[in-house]
Amino acid sequence: MLSIHEQIATVTLTATTMTTQLAAQLRDVAEQLQYAEQVSIVIIQATSPHFLPYVEDDGGVGHYAFYNQVTMMLEAWARLPQVIMAVIDGACAQIGLSIACLADLRIGSEATTIAHTGLALGGVAKRFSQLVGKGVAMHVFVGGHVMDAQEAQLRGFLRVEASPQAAVEQLAKQLSAQSKIAMQYTKESILRGSDLTFQQALLHEMDLYMLVQTSHDRLEGVEAYLQKRAPQFKGE
Amino acid sequence: MCIELERHGAILIVTLHRPAQLNAIDASLRDALYETFCNVRDDESLQVVILRGSGKGFCAGADLTEFGEANTVLQKRRIRLQHDVWEVIRTCNKFTIAMLHGFAIGSGLELAMLCDVRIASDDAVFALPEAAIGMMPAAGGTQSLPRLTNLAHAMDLALTGRRFYAEQAWQYGIVQQIVPRDELVRTVMQYAEHVLTQSQWRTLQREIRASTD
């Protein structure tokens, strides 16, 4: 399920149905990645065109275990500091949509559809609303609207590519040449700031910026720019 | 002088004037902006402030040539808290308009995003390329960008640092109007004069600003 090559970790889903066992595996993967210092980019993709649109939850005796495991898995993914990219090349719904909303960048094709069907776990409605706007989120989550690829791209939710796999690999390579610290702190500032008042968020941004200023990456980045050469970031 | 001021009644045009450096923000320009906006805040005869750049573009971002000459991080933090230019502009009690042409890159774009509206010429180019040089947007960009557009566009633009253009900036909600380059000054002045005719602009500005707070 997890492979790591240099700075890029790839998580490949081979199922289209979220089960308690799969949720546990994905949680383990997220906890491993939490401490994988060398990793700056995490790609999550599926072997099927569809992105986890089904769940195995009949509401019976296993319901609580399923619910708990999925929620804990989503919490673990939400805590990842790395840039997360999701490849969504087909139907994305249910827990698939929850995971897609935890990604920072989503790449798909003309075949991609975004829908809410059934379970909404891990704060997905709030995150989706922050990602695309309140009205659109209401339309999808309450009104049952199925968003096609073009609309998803217009809203910024999806980048539509002829070959999503190739596009995500190219983008991951490009981003991994940037400063890992700078990307992680930018991500943290945007995400945490969205739950703060503007003024509190600006103070948070400033403190993160001051931390970045103490990094080797910042020194190297500015020196490389002034010397007109490519920077060699160490993530330190 | 790295800032030029031009007054038209209740409208003040503030021009960033380091054209040879594409108006890159160094300590002197930052301090001049702080002083200007403090004065603007206290001038009750002013109602609208237009911020623009001289020469080829609006502002190419931070002047990296002065990095390393400055203070320690602790000193920088204290200076920022004592003379927070970005906060003075964001909370300015006048209606602020960014007039954008050419490059609005890095803290140049962030500066523009602190204004109430942005009007751009069709040749305007935008980007937040900080991560590629080991930095992060820190002139309020990580907060103003998602509040102007949405979280999805903000993540994309801030993490990839990709360039985007006037038409895209309008689609994302970052720019409110695009005009041909030779019509930019006239359009922005008309916009400013229209604001002056709105008797309730202060109340409306306060409510709209509070809605994203």
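Note that this is a predicted model, so its numbers are computed, not measured. Excluded from the calculations below are hydrogen atoms, water molecules and symmetry mates; all remaining heavy atoms, backbone and side chain alike, are included. Proteins come first, then strands; the chains are lettered A, B, ... in the order of their sequence lines, and each starts at number 1.
Looking only at distances, no side-chain donor or acceptor of Q213(A) sits under 3.5 Å from a matching main-chain atom of V73(B).
Only the side chain of Y225(A) comes within less than 4.5 Å of a heavy atom in chain B; its backbone stays farther off. With a 4.5 Å cut-off on non-hydrogen atoms, L171(A) touches chain B through its side chain but not through its backbone. Both the backbone and the side chain of V222(A) have a heavy atom closer than 4.5 Å to some heavy atom of chain B. If you measure heavy-atom distances from A224(A) to chain B, you find no contacts under 4.5 Å at all.
Using a 3.5 Å distance cut-off with no hydrogens or angles, the side chains of S189(A) and Q143(B) do pair a donor with an acceptor.
When each of E220(A), R159(A), H216(A) is scored by its heavy-atom pairs under 4.5 Å with chain B, the top score falls to R159(A). When L196(A), L203(A), T197(A), T214(A) are compared by the number of non-hydrogen pairs under 4.5 Å with chain B, T197(A) comes out ahead. Ranked by heavy-atom pairs shorter than 4.5 Å toward chain B, the options L208(A), D207(A), L154(A) are led by D207(A). Of the listed residues Q200(A), Q199(A), Q174(A), the one with more heavy-atom pairs under 4.5 angstrom with chain B than any other is Q199(A). By number of non-hydrogen pairs under 4.5 angstrom with chain A, the leading residue of L81(B), L74(B), T149(B), D84(B) is L81(B). Considering only heavy-atom pairs separated by less than 4.5 Å from chain B, the leading option among M183(A), R127(A), M206(A) is M206(A). For chain B, the option among K187(A), R155(A), Q178(A) with the highest count of heavy-atom pairs below 4.5 Å is Q178(A).
When all heavy atoms of A152(B) and R106(A) are compared, the closest pair comes out as CB-NH2, 4.0 Å. Between A158(B) and I190(A), the closest heavy-atom pair is CB-CD1, 3.7 Å.
By the 4.5 Å heavy-atom criterion applied to side chains, T186(A) and P137(B) are counted as neighbours. Residues L105(A) and D156(B) meet the side-chain proximity criterion, which asks for heavy atoms closer than 4.5 Å.
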